[in-house]
A.B. asks: 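Below you will find the structure I want to go over with you.
This one's a predicted model, so the numbers in the text were calculated from it and none came from an experiment.
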Amino acid sequence: MNTKIPILPLYLDCILYALVVFSFPLAIFLGLYYPNVILEQGMSHRIFYFHVPVAWVALYGPVLASLFSIFYLVSKNRLWDRLSFTANQIAFFFAIGVLFSGPIWAYSAWGVPWDRTDARLQSFFILVISLVSYFVFRYLILDPQKKSLLSSYISLLCAFSAILTWGAIRWIENPGNHPGSVLGKGGMDTDMRITFWISILAFHFLFLLLFLLIYRLEKILDIRDQIWQLRS
């Protein structure tokens, strides 16, 4: 039985922890105090430096999980199932952050917390429902192989929802209040651009750290289950 838990050398762990400890408080401080605010939105504009990085992770997390799921469907190696489960857990955690920060920003900036005509908001809601269904079925099914198999197929559905959300503003005529693509505008002032990209890096470092910790936890729980099976 394989009982190796670490997936990175110790010095890489230390580097990753240091990056998170340094970059995350810096991103929060800059987002709150450094860039000038947009006059039309006032102080609510500062939510942008939290909302957009969190949304990015919430969108590419399911895509990463779907790649791991494909590897599982091909190889039937439970390593890939654990990695997929880890990525989806983090994606759901960040998706909750999007659902909380988005309505606050929207209500402060446009007077409505949720615009039902907005293509991206509706597609993101579908993504959240897909992730919820992923966890529901995963915890209801007891057989490990069936659980991994069904989880892999639902992961593909979650990835499709994430891609649809990413493309909603780019491919669909959007009559709602949601702003267009940040990268497509190219008009951010220097202070906004610096703060934005530092926030992006900080939340990506946080994603990597959470991925590392949650995967190790899943590995430990899997080893515990194997020990119980051997004892029984």
A.B. asks: For residues 135-153, which residue pairs qualify under salt bridge (charged side-chain N to carboxylate O under 4.0 Å, His left out), counting only residues two or more places apart or in two chains?
C.D. replies: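 For residues 135-153: Asp81-Arg138.
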A.B. asks: What's the shortest heavy-atom distance between Arg82 and Lys219, and which atoms?
C.D. replies: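 Minimum heavy-atom contact is NH2-NZ, 3.5 Å.
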A.B. asks: Applying ring-ring contact (aromatic ring centres under 6.0 Å, His included), name anything that partners Phe71, two or more places apart in sequence or on another chain.
C.D. replies: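 Scan of Phe71 (ring-ring contact (aromatic ring centres under 6.0 Å, His included), adjacent residues dropped) gives Trp80.
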A.B. asks: Please work out whether the ring planes of Phe207 and Phe211 are parallel, tilted or perpendicular, with thresholds of 30° and 60°.
C.D. replies: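 The rings of Phe207 and Phe211 sit tilted, inter-plane angle from 30° to 60°.
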A.B. asks: Could you give all pairs that pass the salt bridge (charged side-chain N to carboxylate O under 4.0 Å, His left out) test and reach residues 49-77, with sequence neighbours left out?
C.D. replies: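 Output for this query is empty, none listed.
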A.B. asks: For Val57 and Phe93, what are the C-alpha separation, side-chain angles and deciding distance, and is it a side chain to side chain contact (heavy atoms under 4.5 Å, CB included)?
C.D. replies: CA-CA 10 Å; Val57 176; Phe93 171 75; over 6 Å; no
A.B. asks: Phe203: which residues meet the ring-ring contact (aromatic ring centres under 6.0 Å, His included) condition with it, sequence neighbours left out?
C.D. replies: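 So Phe203 forms a ring-ring contact (aromatic ring centres under 6.0 Å, His included) with Phe24, Phe50.
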A.B. asks: For the residue pair Ala58 and Ala95, what are the closest heavy atoms and their distance?
C.D. replies: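 So the minimum-distance heavy-atom pair works out to CB-N, 3.7 Å.
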A.B. asks: Considering all heavy atoms of both residues, which atom of Leu59 and which atom of Val63 are nearest to each other, and what is their separation?
C.D. replies: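 In terms of heavy atoms, the two residues are closest at O-CG2, 3.6 Å.
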A.B. asks: Identify, with sequence neighbours excluded, every residue that meets side-chain hydrogen bond (donor to acceptor under 3.5 Å, both in side chains) alongside Ser84.
C.D. replies: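 Testing Ser84 for side-chain hydrogen bond (donor to acceptor under 3.5 Å, both in side chains), a comparison that skips the adjacent residues, returns Ser69, Ser155.
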A.B. asks: Return the set of residues passing side chain to side chain contact (heavy atoms under 4.5 Å, CB included) with Phe137 (not counting sequence neighbours), or none when no residue passes.
C.D. replies: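 Side chain to side chain contact (heavy atoms under 4.5 Å, CB included) check on Phe137 returns Ser133, Leu150, Ile154.
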A.B. asks: Looking only at heavy atoms, which two atoms of Leu131 and Pro62 are closest? And how far apart?
C.D. replies: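 Scanning both residues completely, I find the closest heavy atoms to be CD2-CG, 4.5 Å.
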A.B. asks: Test of understanding: with ring-ring contact (aromatic ring centres under 6.0 Å, His included), list the residues that count as partners of Phe29, not counting sequence neighbours.
C.D. replies: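 Phe29: ring-ring contact (aromatic ring centres under 6.0 Å, His included) contacts with Tyr33.
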A.B. asks: Keeping the roles fixed (side chain from His204, backbone from Ile200), state whether a donor-acceptor pair exists under 3.5 Å.
C.D. replies: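 Confirmed, His204 side chain pairs with Ile200 backbone.
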A.B. asks: Could you pull out all residues at least two apart from Leu201 that satisfy side chain to side chain contact (heavy atoms under 4.5 Å, CB included)?
C.D. replies: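 By the side chain to side chain contact (heavy atoms under 4.5 Å, CB included) rule, Leu201 matches Phe205.
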A.B. asks: Please enumerate all residues that pass side-chain hydrogen bond (donor to acceptor under 3.5 Å, both in side chains) together with Ser130, with sequence neighbours excluded.
C.D. replies: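 With neighbours one apart ignored, the set is Ser161.
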A.B. asks: Is the distance between the ring centroids of Phe196 and Phe48 under 6.0 Å?
C.D. replies: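 Here the rings of Phe196 and Phe48 have centres that are less than 6.0 Å from each other.
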A.B. asks: Are Val136 and Leu157 connected in a single hydrophobic cluster, I mean Ile/Leu/Val/Met/Phe/Trp/Tyr linked by side-chain heavy atoms less than 4.5 Å apart?
C.D. replies: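 The answer is no; the residues belong to distinct hydrophobic clusters.
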A.B. asks: Mind jotting down which residue pairs meet the side chain to side chain donor-acceptor pair (under 3.5 Å) criterion with at least one end in residues 17-28? Sequence neighbours excluded, please.
C.D. replies: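 Those involving residues 17-28 do not exist here.
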A.B. asks: Can you check whether Ser101 reaches Val54 side chain to side chain, under 4.5 Å on heavy atoms?
C.D. replies: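 No, their side chains stay 4.5 Å or more apart.
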A.B. asks: ring-ring contact (aromatic ring centres under 6.0 Å, His included) with Tyr139: which residues, sequence neighbours excluded?
C.D. replies: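 Partners of Tyr139 under the ring-ring contact (aromatic ring centres under 6.0 Å, His included) test: none.
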A.B. asks: Tell me the salt bridge (charged side-chain N to carboxylate O under 4.0 Å, His left out) pairs involving residues 48-65, sequence neighbours left out?
C.D. replies: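 The answer is none; no pair qualifies.
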A.B. asks: Which heavy atom of Tyr49 sits nearest to which heavy atom of Met192, and what is that distance?
C.D. replies: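 So the two residues come closest at OH-CG, 3.2 Å.
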